[in-house]
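Worksheet: the structure to be examined is printed underneath.
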Amino acid sequence: QVQLVESGGGSVQAGGSLRLSCTVSGTYSRTYMAWFRQAPGKEREGVASVSPSGMNTYYADSVKGRFTISRDNAKITVYLQMNSLKPEDTAMYYCAADFRGGPWYRGDLYKTWGQGTQVTVSS
């Protein structure tokens, strides 16, 4: 069984940076992986996705140019580098894996989820 463990969340001021990590353990089949986020009272939002090789990446319009997703397949870890953070980036961030195919931003197409890591950006 695959388990995902996120880390790297925290509190920063607007304009700051954070780097989230998602480490995979267990029986792992290399697939697309993604980061999602959910703020209180809002729907879950796809933030970024990365292909199995790491060559292809996809981003929500709201984070393009500020966030970078990457993966280290040797370490079985996916990263989300977040720069120029804004208060509206405040949310719980989740790592997702075991992608079934289809639009990368649809959370229902991912089978395995981490517990989440909180990101809080103050103005």
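Since the structure is predicted, the reported quantities are computational estimates derived from the model, not experimental observations. Only this structure's heavy atoms are used, side chains among them; waters, hydrogens and symmetry mates stay out.
The closest side-chain heavy-atom distance from D98 to V2 is below 4.5 Å. Proximity of F67 to V47: side-chain heavy atoms (C-beta onward) are separated by under 4.5 Å at one or more points. Side-chain atoms of V119 and L20, non-hydrogen and from C-beta on, do get closer than 4.5 Å to each other.
Counting non-hydrogen atoms of neighbouring residues, nucleotides and ligands closer than 6.0 angstrom, the CD atom of Q115 reaches no more than 12 such neighbours. The environment of Q38 atom CD is dense: over 12 non-hydrogen atoms of other residues, nucleotides or ligands sit within 6.0 angstrom.
Side-chain atoms of E6 come within 3.5 Å of backbone N or O of G116 as a donor-acceptor pair. The main-chain N or O of K75 is found under 3.5 Å from a side-chain atom of D72 such that the two form a donor-acceptor pair. Side chain of Y110 to backbone of W104: a donor-acceptor contact under 3.5 angstrom is found. The backbone N or O of G9 sits less than 3.5 Å from a side-chain atom of T117, completing a donor-acceptor pair.
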**OP:** I would like to know whether T77 and V24 meet side chain to side chain contact (heavy atoms under 4.5 Å, CB included); could you show each step before the answer?
**Re:** CA-CA 6 Å; T77 300; V24 182; over 6 Å; no
**OP:** Test Y59 against D61 for side chain to side chain contact (heavy atoms under 4.5 Å, CB included), laying out the working first.
**Re:** CA-CA 6 Å; Y59 297 93; D61 287 343; over 6 Å; no
**OP:** Start with the C-alpha gap between R71 and R30, add the side-chain angles, then the distance that decides, and say whether side chain to side chain contact (heavy atoms under 4.5 Å, CB included) holds.
**Re:** CA-CA 11 Å; R71 66 193 295 164; R30 194 184 297 182; 3.6 Å; yes
Subject >> Verdict with reasoning, W35 to C95, per side chain to side chain contact (heavy atoms under 4.5 Å, CB included) >> reply: CA-CA 5 Å; W35 286 95; C95 179; 4.1 Å; yes
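Closest approach of V78 and M33 over heavy atoms only: CG2-SD, 3.4 Å. The shortest non-hydrogen separation linking P87 to A14 is CD-CB, 4.1 Å. The two residues S49 and Y32 have their closest heavy-atom pair at OG-CD2, 3.7 Å. The shortest non-hydrogen separation linking V12 to S17 is CG1-O, 3.9 Å. Looking at every heavy atom in both residues, G8 comes nearest to L18 through O-CD2, 3.8 Å.
Residue Q118 holds its CD atom at 7.5 Å from OG of S11, rounded to the nearest 0.5 Å. For the atom pair OG1 of T68 and CG of N83, the computed distance is 6.5 Å after rounding to the nearest 0.5 Å.
When hydrophobic clusters are built by joining Ile, Leu, Val, Met, Phe, Trp and Tyr residues whose side-chain heavy atoms come closer than 4.5 Å, directly or via intermediates, V50 is grouped together with I76. L109 and Y94 fall within the same hydrophobic cluster, defined by Ile, Leu, Val, Met, Phe, Trp and Tyr side-chain heavy atoms under 4.5 Å apart, directly or through other members.
Taking a cutoff of 4.0 Å between a charged side-chain nitrogen and a carboxylate oxygen, R66 and D89 qualify as a salt bridge.
Judged by a 6.0 Å distance limit and a 45° cone about the ring axis, R19 is positioned over the six-membered ring of Y79.
Taking the six-membered ring for Trp and the full ring otherwise, the centers of F36 and W113 sit less than 6.0 Å from each other.
The one candidate from E45, E88, E43 that meets the salt bridge (Lys or Arg N to Asp or Glu O under 4.0 Å) condition with R37 is E45.
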